[in-house]
Amino acid sequence: MSYRNRLAVAICALLPVMAHADSIFTAKDIFSLEYASDVQLSPDGEQIVYVRNSNDVMNDSKRRNLWLVNTKTNEQTPLFSGANQFSHPRWSADGKKVAFISNVSGSTQIHVHYLAENRTALVSQLTSGVSNLTWSPDSQWLAFSQQVNEKPTVVAKMPVKPKGANWSEPAIVIDKAYYQADGRGLVKPGYKQIFVLPCEGGTPRQLTSGEFHHSGKLAWRRDSKSIVFSANRIADWEYKRLEGDLFEISLDNKLTQLTSAPGREHSPSFSENGKQLAYLSASNAPNPYRNHKLNIMTWRTKKSEMIASDFDRSIQNPTWIGSSKLAMSYDDFGKRKLATISTSGKIKDLTDTVSGSTLGRPYLSGSFSANYAGDIAYTLGTSERPSNVAMVSSRGKVKQLTSLNEDLLAHKRLGKVHEINYKSSFDGEAIQGWYITPPNFDPTKKYPLLLEIHGGPHLAYGPHFSAELQRYAAEGYVVFYDNHRGSSSYGERFAMLLKYKYSSKEDFADHDSGVDAMIKTGFIDEQNLFIAGGSAGGIATAYAIGLTERFNAAVVVKPVINWLSKVLTADSGLTQIPTQFPGMPWDHVEHYWQRSPMSLVGNVTTPTMLMTGEEDLRTPMAETEQYYQALKLRKIDTVLIKIPGAPHGIAGRPSRMISKIEHTLAWFEKYKK
């Protein structure tokens with residue numbers, strides 16, 4: 001055979017392999033994914049401005065641009081697109097302007113774009129970040145929250161440094177109970193206050209004051225003379241994190257308290273005529289989970305009534321769409337639903353396709369916005385696509401307006417998501433789960449199983465797009481995930497099944513029974529079972545391998561290993577101790593120890609990879625290192641992966657997400673039989 005013929009044969013032999021590699025979802029594809037978020041519908045319902053999220057492969061970062069969509073023609077046009085960041089778009093009430101936040105001027109500032117004139121104004125010169133940007137109803141003012149810094153505490157008086165001397169950085173004095181935050185580090189002294197700013201620019205005016213944080217959704221009174229907001233203004237607010245009341249602040253700085261019920265009132269929204277104020281409330285019971293209920297206040301009398309009080313789900317983002325009806329969303333059986341609720345409490349579901357605005361794992365996500373006319377725009381996602389922009393009619397008819405990832409995913413063979421339901425071996429509790437089959441799945445063959453456990457634990461997975469799990473499926477794994485007891489979207493009783501019991505043999509039984517249910521399908525290789533999870537899922541994974549030897553290998557990501565040390569070193573102890581435990585750790589040492597995977601480390605035989613961000617303050621690195629040292633002392637095959645610069649959101653940069661996935665795959669491949 002000639003050289004040319006041999007070359008042709010070799011190329012032909014490689015073609016199927018090359019086609020296969022190109023048609024499955026690869027690690028590099030993660031950089032090319034896009035998704036829509038923060039969809040904002042214009043007052044007349046004719047346009048939607050949204051944040052178009054993409055990744056910058058050269059700088060390993062997320063890009064946020066603003067795009068406009070015509071709701072009649074589906075035509076998309078860039079409003080602001082480039083290397084700078086553009087976010088938080090908000091329509092003025094007259095529909096003529098869009099306010100947004102951007103760093104295009106060199107620092108993060110407020111801008112206003114005039115649509116008809118196609119001109120943009122820089123309207124602020126702020127020194128710290130902006131949140132809760134909100135237009136006044138007369139389209140003349142912008143309200144927002146901003147940190148007002150205070151001088152740090154000084155304890156010791158230091159001598160004056162000689163001119164030109166090179167001394168060490170001065171000591172940092174910490175005297176607050178809440179002093180650190182994951183992703184931010186040490187909390188700078190100061191408090192979030194509410195400001196107003198003329199829409200054409202000028203000097204921001206501070207409305208609130210005091211040693212309290214004033215943040216969250218802002219609701220302007222219809223006459224544009226005052227703002228309603230939620231705040232915890234109790235003297236020892238650091239220790240009472242479940243409290244919060246509604247207040248009204250006028251433009252001349254007059255503060256009025258509107259509610260004083262136990263617990264937290266928040267998310268205010270005025271009706272179009274200003275006669276009613278809708279808001280949410282939650283109990284202050286020391287529980288790890290609580291439903292958020294809808295209330296309506298008659299503005300004239302300031303008397304409130306709880307609406308649909310027996311509705312066993314948490315209501316989100318109540319938004320008026322008529323004189324006696326609101327749009328809202330709520331989570332139900334692993335899906336986020338968009339619905340309407342009347343002032344008499346009648347609920348009507350519109351769609352369960354609100355999804356797709358988180359790329360990593362299949363968490364519930366997505367948002368919506370609505371106008372007084374009843375038009376509703378939202379982020380639509382599926383099990384095979386991240387979120388697009390969509391609208392839904394009052395009859396539930398969905399119109400998808402964008403197709404952001406078709407260029408990347410239309411020719412890819414993705415894993416298929418299937419639902420599975422089973423009962424826990426612990427007590428027969430019904431558990432809902434899903435599994436992803438690999439591309440070109442053949443039910444007559446046997447596949448390795450990867451159990452992936454969600455965080456929280458009071459969160460939920462569902463049939464949503466997941467870059468991480470799709471990568472595992474692309475490499476030949478059947479990926480199984482469940483909403484074990486304690487998960488949200490199933491009501492208060494189910495969520496509370498883990499009160500004072502996380503982690504325990506109970507939630508482990510939910511996962512273990514799911515593995516048994518998957519084996520019964522007939523296409524799982526019982527000799528190749530793997531387990532992984534992050535945060536609360538990392539705790540559950542570490543706890544599981546202390547109870548069973550059935551898994552070939554485990555990947556434990558950003559876990560809590562020792563609750564006694566965790567709650568006293570992490571940024572979340574002030575909330576976790578009173579809600580997830582029966583008391584202080586020194587008073588309940590045995591309880592904290594029983595919940596800790598470290599208490600079972602003497603049983604572990606499973607090869608274990610540990611992975612945590614070096615700057616994680618939610619589940620600090622010391623937790624991971626304790627487990628690593630313990631496993632090494634027992635001579636269990638283990639490896640510790642530290643992700644430089646990463647906080648608890650370990651996959652916050654594209655390359656970090658890829659690193660997490662590929663390290664997991666490599667570890668499991670090592671222990672395949």
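The figures here come from the full heavy-atom set of this structure, side chains too, leaving out hydrogens, waters and symmetry mates.
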Taking C-beta and beyond as the side chain, do [X] and [Y] meet within less than 4.5 Å on heavy atoms?
X: Trp141; Y: Arg205; answer: yes
X: Thr108; Y: Ile101; answer: yes
X: Phe86; Y: Arg64; answer: no
X: Val567; Y: Pro585; answer: yes
X: Tyr191; Y: Ser209; answer: no
X: Ser466; Y: Glu452; answer: no
X: Pro89; Y: Val51; answer: yes
X: Lys501; Y: Asp507; answer: no

**OP:** Could you go through the side-chain contact (heavy atoms from CB on, under 4.5 Å) check for Glu506 and His484 one step at a time?
**Re:** CA-CA 9 Å; Glu506 298 179 31; His484 54 277; over 6 Å; no
Quick one: does any side-chain atom of [X] pair with a main-chain N or O of [Y] as donor and acceptor, under 3.5 Å?
X: Gln594; Y: Ser596; value: no
X: Arg241; Y: Leu574; value: no
X: Arg290; Y: Ala282; value: no
X: Asn103; Y: Gln85; value: yes
X: Arg595; Y: Ser503; value: yes
X: Ser81; Y: Asn65; value: no
X: Asp56; Y: Met58; value: yes
X: Asp236; Y: Tyr239; value: no

Checking side-chain polar atoms at under 3.5 Å, does [X] have a donor or acceptor matched by the opposite partner on [Y]?
X: Thr358; Y: Ser365; value: no
X: Glu34; Y: Ser54; value: no
X: Thr256; Y: Glu248; value: no
X: Arg264; Y: His292; value: no
X: Ser102; Y: Asn84; value: no
X: Ser488; Y: His458; value: no

**OP:** Kindly state each residue pair satisfying side chain to side chain donor-acceptor pair (under 3.5 Å) with at least one member in residues 573-589, sequence neighbours excluded.
**Re:**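 Listed once each, the pairs are Lys566-Gln576, Ser572-Gln576, Gln576-Gln580.
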Between [X] and [Y], which heavy-atom pair has the shortest distance, and what is it?
X: Ser565; Y: Gln626; value: OG-NE2, 3.2 Å
X: Pro559; Y: Thr619; value: O-CB, 3.4 Å
X: Gly583; Y: Ile577; value: O-CG2, 3.8 Å
X: Trp667; Y: Val555; value: CD1-CG2, 3.9 Å
X: Asn232; Y: Glu243; value: ND2-O, 3.3 Å

Original post:
After noting the C-alpha distance and the side-chain angles of Gln316 and Asp331, does the key distance pass the side-chain contact (heavy atoms from CB on, under 4.5 Å) rule?
Top reply: CA-CA 9 Å; Gln316 303 170 49; Asp331 297 341; 3.4 Å; yes
Original post:
Is the gap between the ring centers of His88 and Phe100 under 6.0 Å?
Top reply: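 Between His88 and Phe100, the centre distance exceeds or equals 6.0 Å.
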**OP:** Kindly state whether the ring of His591 and the ring of Trp563 have centres lying under 6.0 angstrom apart.
**Re:**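 No; Trp563 has its ring centre 6.0 Å or more from that of His591.
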**OP:** Any chance you could measure Arg653, atom CZ, to Ile643, atom CD1, to the nearest 0.5 Å?
**Re:**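 The CD1 atom of Ile643 is 13.0 Å from CZ of Arg653, to the nearest 0.5 Å.
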**OP:** Taking salt bridge (Lys or Arg N to Asp or Glu O under 4.0 Å) as the test, write out the residues that go with Lys293, two or more places apart.
**Re:**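 Partners of Lys293 under the salt bridge (Lys or Arg N to Asp or Glu O under 4.0 Å) test: none.
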Subject >> With sequence neighbours excluded, residues passing salt bridge (Lys or Arg N to Asp or Glu O under 4.0 Å) with Glu265 >> reply: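 Listed in chain order: nothing, the list is empty.
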Original post:
Step by step, would you call Asp245 with Leu258 a side-chain contact (heavy atoms from CB on, under 4.5 Å)?
Top reply: CA-CA 7 Å; Asp245 298 303; Leu258 301 175; over 6 Å; no
**OP:** List the steps and the verdict of side-chain contact (heavy atoms from CB on, under 4.5 Å) for Leu126 and Phe144.
**Re:** CA-CA 11 Å; Leu126 306 174; Phe144 58 91; 4.0 Å; yes
Original post:
In terms of side-chain geometry, is the basic nitrogen of Glu662 or Arg471 positioned less than 4.0 Å from the acidic oxygen of its partner?
Top reply: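 Salt bridge: yes.
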Subject >> Electrostatic pair Arg90:Asp38 at N-O distance under 4.0 angstrom >> reply: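 Judged by the 4.0 Å cut-off on N to carboxylate O distance, Arg90 and Asp38 do form a salt bridge.
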**OP:** Return the orientation label for the Phe247 and Phe229 ring planes: parallel under 30°, perpendicular over 60°, tilted otherwise.
**Re:**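 Phe247 vs Phe229 ring planes: parallel.
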**OP:** Could you check whether the rings of Phe581 and Tyr592 sit parallel, tilted or perpendicular, using 30° and 60° as the cut-offs?
**Re:**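 Taking Tyr592 first and then Phe581, their aromatic rings lie parallel (interplane angle under 30°).
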Original post:
Yes or no on ring-ring contact (aromatic ring centres under 6.0 Å, His included) for Phe80 and His113, after CA distance, side-chain angles and deciding distance?
Top reply: CA-CA 10 Å; Phe80 294 98; His113 181 74; 5.2 Å; yes
